[in-house]
Peer 1: 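Structure in structure tokens, see below.
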There are 2 protein chains.
Amino acid sequence: MNATFGEYIRLLRTKHELTLTKLAAQLDLDSANLSKIENGKRDFDEKRLSKLAKIFKLDLKELRNEYVTDLIGKKIYETNCTKQLLQVAEKKAEYRRTLIEKVI
Amino acid sequence: MNATFGEYIRLLRTKHELTLTKLAAQLDLDSANLSKIENGKRDFDEKRLSKLAKIFKLDLKELRNEYVTDLIGKKIYETNCTKQLLQVAEKKAEYRRTLIEKVI
DNA sequence: ATAAGACTTGTCATTTTTTGACAAAAATAT
DNA sequence: ATATTTTTGTCAAAAAATGACAAGTCTTAT
């Protein structure tokens with residue numbers, strides 16, 4: 001999926017021919033705020049992922065992957081993180097994983 | 001650098017034989033909070049990067065790279081983002097870069 | 001043309017999260 | 001043992017995110 005998470009939601013919504021108001025209601029959200037989410041002016045709150053999955057009958061894990069990759073992709077973008085640096089970041093993530101083991 | 005940013009600061013500090021109190025003062029920070037930062041219980045605020053660079057005579061850009069990779073590494077860790085998903089995230093970052101071009 | 005519905009934008013109070021500051025306990029060094 | 005250093009807990013203040021509403025634009029049907 002080559003789109004922001006907001007664009008992805010809009011895609012799902014329009015494909016199902018739902019209005020902002022209709023979908024927002026199902027997500028327990030204001031339609032104005034859903035509009036902002038779709039337009040990348042607000043973030044989608046992780047706590048609503050399961051609702052979103054149910055509404056569009058999506059696999060929650062896959063949806064969460066979409067969400068997480070968007071989150072990190074956004075950070076990569078915001079910080080101007082190059083591919084090279086991203087590899088360093090990945091190493092550091094691995095390192096953090098080893099930290100926990102040490103505590104055990 | 002295979003360490004969290006907090007650990008990295010601690011490394012720098014001890015290498016220079018500074019106490020928490022001394023370094024904290026130079027960073028315009030409470031020593032108790034610097035302790036938390038070094039122990040990963042708080043985040044280092046980006047706005048102090050330049051001070052940190054000056055104190056230890058580090059290249060600000062390189063230091064910022066350390067900081068950014070820590071930031072993203074932490075996110076990768078927290079979200080359990082696999083290498084595969086990370087590639088997706090990278091694609092999404094690229095996509096975001098193209099979005100701006102479209103506006104121009 | 002205009003009325004209705006759909007979407008967008010701006011604002012603001014509330015909530016949540018982060019930060020700074022201080023006190024006191026724990027660990028370490030002298 | 002005392003002094004110094006470091007850690008931990010707490011809390012108020014600052015900052016950021018969120019929910020809600022009002023008013024705006026745009027689109028479509030009549």
Side-chain angles (χ1 to χ4, degrees), chain A residues 3-52 55-56 63-64 67-68 70-79 96 99-100 102-103, chain B residues 3-52 55-56 64 67-68 70-75 77-79 96 99-100 102-103:
Chain A
T4 65
F5 198 74
E7 289 171 339
Y8 177 50
I9 293 178
R10 171 149 297 185
L11 232 59
L12 288 169
R13 179 172 67 79
T14 53
K15 199 173 69 177
H16 288 74
E17 297 186 338
L18 289 174
T19 65
L20 279 173
T21 312
K22 285 268 171 72
L23 178 56
Q26 295 195 68
L27 287 170
D28 188 27
L29 199 71
D30 186 295
S31 67
N33 290 330
L34 180 53
S35 166
K36 286 170 193 161
I37 289 171
E38 289 186 353
N39 291 304
K41 291 169 182 172
R42 281 209 186 189
D43 289 327
F44 186 81
D45 195 330
E46 185 164 10
K47 75 184 177 202
R48 289 195 175 85
L49 276 184
S50 55
K51 280 184 185 175
L52 194 63
I55 294 167
F56 295 119
L63 184 62
R64 189 179 171 282
Y67 183 76
V68 162
D70 180 71
L71 215 69
I72 295 180
K74 190 179 170 191
K75 262 256 179 302
I76 292 170
Y77 166 71
E78 287 170 345
T79 59
R96 279 181 189 263
L99 283 185
I100 306 298
K102 284 176 188 165
V103 179
Chain B
T4 64
F5 198 74
E7 289 170 340
Y8 177 51
I9 294 178
R10 170 149 297 183
L11 234 59
L12 289 168
R13 180 172 67 77
T14 53
K15 199 172 71 178
H16 288 73
E17 297 186 340
L18 290 174
T19 64
L20 280 172
T21 313
K22 285 269 172 72
L23 178 57
Q26 295 194 68
L27 287 169
D28 188 27
L29 199 70
D30 186 295
S31 66
N33 290 330
L34 180 54
S35 167
K36 286 169 193 162
I37 289 170
E38 290 187 351
N39 291 304
K41 292 169 182 171
R42 280 207 188 194
D43 289 327
F44 186 81
D45 193 330
E46 185 165 10
K47 75 184 177 201
R48 289 195 176 84
L49 276 184
S50 56
K51 280 182 185 174
L52 193 63
I55 294 168
F56 295 119
R64 189 178 172 282
Y67 182 76
V68 162
D70 180 71
L71 216 68
I72 296 180
K74 190 178 171 194
K75 262 260 178 299
Y77 167 71
E78 287 170 346
T79 58
R96 279 182 188 264
L99 283 186
I100 306 299
K102 283 177 191 166
V103 179

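Every chain is numbered from 1, with letters handed out A, B, ... down the list of sequences.
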Peer 1: Tell me the interatomic distance from B:Leu27, atom CG, to C:dT19, atom P, rounded to whole angstroms.
Peer 2: 14 Å

Peer 1: How close or far is atom C1' of D:dG19 from atom CG of A:Asp28, stated in whole angstroms?
Peer 2: 10 Å

Peer 1: Please determine if B:Asp70 and A:Arg96 form a salt bridge, counting it only when a charged side-chain N lies under 4.0 Å from a carboxylate O.
Peer 2: yes

Peer 1: If every non-hydrogen atom of A:Leu20 is compared with every non-hydrogen atom of A:Arg10, which pair is closest and at what distance?
Peer 2: CD2-NH2, 4.4 Å

Peer 1: Is any N or O donor-acceptor pair between the side chain of A:Lys36 and the base of D:dG19 shorter than 3.5 Å?
Peer 2: no

Peer 1: Just N and O in the side chain of B:Ser35: are any of them under 4.0 Å from OP1 or OP2 of D:dT6?
Peer 2: no

Peer 1: Which whole-number value in Å describes the distance from A:Leu29 CG to D:dA17 P?
Peer 2: 16 Å

Peer 1: Any N or O donor-acceptor pair under 3.5 Å from the base of C:dA21 to the side chain of B:Asn33?
Peer 2: yes

Peer 1: Using only heavy-atom distances, decide whether a donor-acceptor pair under 3.5 angstrom links the side-chain of B:Lys41 to the base of D:dT10.
Peer 2: no

Peer 1: Heavy atoms from C-beta onward define the side chain here; which of D:dT18, C:dG20, D:dA20 lies closest to that of A:Asp43?
Peer 2: D:dT18

Peer 1: Identify which nucleotide among D:dT18, D:dT6, D:dC11 has an atom closest to any side-chain atom of B:Arg42, counting heavy atoms from C-beta outward.
Peer 2: D:dC11

Peer 1: Over how many whole Å does the gap from B:Glu38 atom CD to D:dT6 atom P extend?
Peer 2: 8 Å

Peer 1: Looking only at side-chain atoms of B:Leu20, point me to the closest of C:dA21, C:dC7, D:dT7.
Peer 2: D:dT7

Peer 1: As a test of reading the structure: which of D:dT6, C:dT19, D:dT8 is closest to the side chain of B:Ala32, going by heavy atoms?
Peer 2: D:dT8

Peer 1: Between B:Ile37 (CD1) and D:dT6 (P), how many Å, whole number?
Peer 2: 14 Å

Peer 1: Base, sugar-phosphate, or nothing for A:Lys22, non-hydrogen atoms under 4.0 angstrom?
Peer 2: nothing

Peer 1: Check whether more than 12 heavy atoms from other residues, nucleotides or ligands sit under 6.0 Å from atom NZ of A:Lys36, and answer yes or no.
Peer 2: yes

Peer 1: Determine the contact category for B:Thr19: base if any of its heavy atoms lies under 4.0 Å from a base atom, sugar-phosphate if only primed atoms, P, OP1 or OP2 are that close, otherwise nothing.
Peer 2: sugar-phosphate

Peer 1: CD of B:Glu17 versus P of D:dT4: gap in Å, rounded?
Peer 2: 18 Å

Peer 1: Taking the inter-plane angle between the rings of B:Phe5 and B:Tyr67 on a 0 to 90° scale, is it parallel (under 30°), tilted (30 to 60°) or perpendicular (over 60°)?
Peer 2: perpendicular

Peer 1: Salt bridge check, B:Arg64 against B:Glu46: does any charged N sit closer than 4.0 Å to a carboxylate O?
Peer 2: yes

Peer 1: What's the CG-P distance between A:Asp45 and C:dT16, to the nearest Å?
Peer 2: 11 Å

Peer 1: By nearest atom, which of the nucleotides D:dC21, D:dT6, C:dA21 is closest to the B:Asp30 side chain?
Peer 2: C:dA21

Peer 1: Rounded to whole Å, please give me the gap between CZ in B:Arg10 and C1' in C:dT28.
Peer 2: 13 Å

Peer 1: Strictly below 4.0 Å: does B:Arg48 bring a side-chain N or O up to OP1 or OP2 of C:dG20?
Peer 2: yes

